[in-house]
Protein chains: 2
Amino acid sequence: MADVKTSVHSKKSYHHGDLRGQLLEAVRELVEEHGPDGFSISQACKRAGVSTAAPYKHFKDRHEILRGVVLLAMDRLIAAMQEGADSYPPGDPNRIAAIGRAYIDFARAEPGIFRTMFGLTESHSEDPELTKAGASANGIVENVVGDYLELAPTHPQVKLRAYALWCFVHGHSFLLLDSKHIEGLTNTEENEMLALVGQAMLS
Amino acid sequence: MADVKTSVHSKKSYHHGDLRGQLLEAVRELVEEHGPDGFSISQACKRAGVSTAAPYKHFKDRHEILRGVVLLAMDRLIAAMQEGADSYPPGDPNRIAAIGRAYIDFARAEPGIFRTMFGLTESHSEDPELTKAGASANGIVENVVGDYLELAPTHPQVKLRAYALWCFVHGHSFLLLDSKHIEGLTNTEENEMLALVGQAMLS
DNA sequence: CTTGTAAGTTAGCGTTGCTTACATATGTTT
DNA sequence: AAACATATGTAAGCAACGCTAACTTACAAG
């Protein structure tokens, strides 16, 4: 029982090592296992090995915990998108498809978290950090589209096309999770569709 | 208090008024007011003027109530889409944009319900009625696209393009709710984008 | 050593989802 | 009409949950 926290330091300090981080991880797992609202603070506490009152030393309420989880997920998603983009040289149309694929792959790999990220009723247009993260993701797409069209990322046409692409990829990701996707859509067909839409949107 | 039930007559409602319907309506209102998970059975019971145990004579559990609310919303959405399509003659490209606009307008008009419809973690690919409703909505789009392309609605190319359009509209609707939409996107610009995407996807 | 503060604990309140047992209204049968 | 079966409501209560209050412990600085 006591060996859990010895991972951090030698002393058997029955003050926790990194409870905040462990809680975020526990909630992330629970959300992934049981859906956006299938988790409870109690369960997360049980996983972290603390009492149910402990989290309130680190988070104001349930919502703030979820916010933390979503922020970390945003970082992962943005990193994946950027990585996808960086796997092709600037101007290469494959860059755009790579970003879309990273987005879709993330939704497939972490459906619970993905749902949570875009399911928060409150705080989405309010929270500055979340807004900033969203803008960051949007910026990646705009940069790549701008490179391709050889226009500034702030150009209205670039922004509109980037947004249209985002709509498509986002919608597809969500429909995938709801199993509403077209029957028998193979991976190659999906890639073809991505390419087709990208092509259509950027010509 | 008692006059509520006198409205209905004999055959349909045995005992009191139409509690099932009243509960569905109460939950719909609550979901719209407080978000997909901001409602409680207790509150709905209070609105319907019954005890908290009454709903369980009509619904198995909380989830089944939500399912009923979502099914009714599906009917409304499908009706709106069909109405949008019917406002233009077959083959008219405006038909496609009209369906998309109906979809988006629904999301804007009933954001809480819209979120709920596509936020249910379980039962989406499982529930036959929901699947059927989803297929029905999909069918509307496929029919219109098929008419336009002068191909059968079951033609692979029709299905793929219809799906791509749906992805776009669905994604845009969701991003709208999350206030992630492009800044200063006017209605006319939105319509232009709809037309542009429709054009691009159907050429 | 004393003391302040950060980070845990226990105990408990109010609400929720749901169940069990009981009460009542309605239609059908006799 | 009386009895029954069924549909539909209530009352009471349990377990789990979010969150708070009050207390306790550990560490670190003076």
Side-chain angles (χ1 to χ4, degrees), chain A residues 1-24 26-27 30-31 33-69 116 120-123, chain B residues 1-24 26-27 30-31 33-69 116 120-123:
Chain A
M1 313 175 70
D3 51 345
V4 179
K5 53 212 64 152
T6 58
S7 57
V8 176
H9 249 50
S10 52
K11 276 279 188 165
K12 55 178 176 180
S13 67
Y14 225 111
H15 262 165
H16 211 281
D18 174 32
L19 181 55
R20 191 191 144 92
Q22 269 184 253
L23 278 175
L24 287 175
V27 168
L30 286 167
V31 163
E33 290 170 18
H34 307 116
D37 297 285
F39 89 99
S40 69
I41 297 182
S42 324
Q43 291 171 322
C45 287
K46 197 160 275 183
R47 292 210 179 184
V50 294
S51 73
T52 62
Y56 296 93
K57 300 291 176 180
H58 300 271
F59 302 95
K60 181 188 144 206
D61 55 10
R62 189 180 189 276
H63 183 258
E64 198 172 292
I65 301 182
L66 255 191
R67 198 189 73 109
V69 173
T116 307
L120 295 183
T121 305
E122 323 131 61
S123 89
Chain B
M1 314 272 169
D3 50 347
V4 180
K5 59 205 68 159
T6 60
S7 57
V8 187
H9 226 51
S10 51
K11 298 172 110 180
K12 251 185 72 178
S13 45
Y14 286 69
H15 202 170
H16 262 33
D18 175 30
L19 180 55
R20 192 192 143 92
Q22 271 184 252
L23 279 175
L24 287 176
V27 168
L30 285 168
V31 163
E33 291 170 17
H34 306 114
D37 296 286
F39 91 99
S40 70
I41 296 182
S42 325
Q43 291 172 321
C45 288
K46 197 161 275 183
R47 290 210 180 184
V50 293
S51 74
T52 62
Y56 296 93
K57 300 291 177 178
H58 299 270
F59 302 94
K60 182 189 145 207
D61 56 9
R62 190 179 188 277
H63 182 259
E64 197 172 290
I65 300 181
L66 255 192
R67 198 189 74 109
V69 173
T116 307
L120 295 184
T121 306
E122 322 132 60
S123 91

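The chains referred to below are lettered A, B, ... by the order of the sequence lines, with proteins before strands, and numbering in each begins at 1. Just the heavy atoms: all of them, side chains too, but no hydrogens, waters or symmetry mates, feed the values below.
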Problem set entry | Value in whole Å for how far the C1' atom of C:dG17 lies from CD of B:Glu64 | 14 Å
Show me the side-chain donor-acceptor pairs of residues 34-41 of chain A shorter than 3.5 Å, one per line, residues at least two apart or across chains.
residue : atom : partner : partner atom : Å
A:Ser40 : OG   : A:Gln43 : N            : 3.2
A:Ser40 : OG   : A:Gln43 : OE1          : 3.3

Seminar exercise, completed: So OH of B:Tyr56 and SG of B:Cys45: to nearest 0.5 Å the spacing works out to 7.5 Å
Problem set entry | Approximate separation, where rounding is to 0.5 Å, of A:Leu19 CG and A:His58 NE2 | 4.0 Å
Problem set entry | Whole-Å distance separating the CG atom of B:Asp18 from the P atom of C:dT26 | 16 Å
Exercise. What residues form a salt bridge (Lys or Arg N to Asp or Glu O under 4.0 Å) with B:Glu33, not counting sequence neighbours?
Worked result: B:Arg47
Exercise. What's the spacing between A:His63 NE2 and A:Leu120 CG if we round to 0.5 Å?
Worked result: 5.0 Å
Problem set entry | Pairs meeting criterion salt bridge (Lys or Arg N to Asp or Glu O under 4.0 Å) with involvement of residues 54-64 of chain B, two or more places apart | none
Exercise. Has A:Ser51 got a side-chain N or O lying under 4.0 Å from the OP1 or OP2 atom of C:dG8?
Worked result: no
For this session: Would you mind reporting whether A:Thr116 and A:Val69 have side-chain heavy atoms less than 4.5 Å apart?
Result: no
For this session: Residues of residues 52-60 of chain B with any non-hydrogen atom less than 4.0 angstrom from an atom of DNA chain C: list those, numerically ordered, please.
Result: B:Thr52, B:Ala53, B:Tyr56
Problem set entry | Rounded distance in Å - CG (B:Leu66) to P (C:dT16) | 15 Å
Seminar exercise, completed: From the candidates C:dG8, D:dG9, D:dC17, the one with an atom nearest any side-chain atom of A:Ser40 is D:dC17
Problem set entry | Between P of D:dG18 and CG of A:Asp61, the distance in whole Å | 11 Å
For this session: Let me know the distance between NZ of B:Lys46 and P of D:dT10, rounded to the nearest Å.
Result: 14 Å
Exercise. Rounded to whole angstrom units, what separation is found between the CZ atom of B:Phe39 and the C1' atom of C:dG17?
Worked result: 10 Å
Problem set entry | Any A:Ser42 side-chain N or O less than 4.0 Å from OP1/OP2 of D:dC17 | yes
Seminar exercise, completed: Whole-Å distance, A:Arg20 CZ to C:dG8 C1', equals 17 Å
Problem set entry | Length of the line joining A:Ile41:CD1 and D:dT20:C1', which is rounded to integer Å | 12 Å
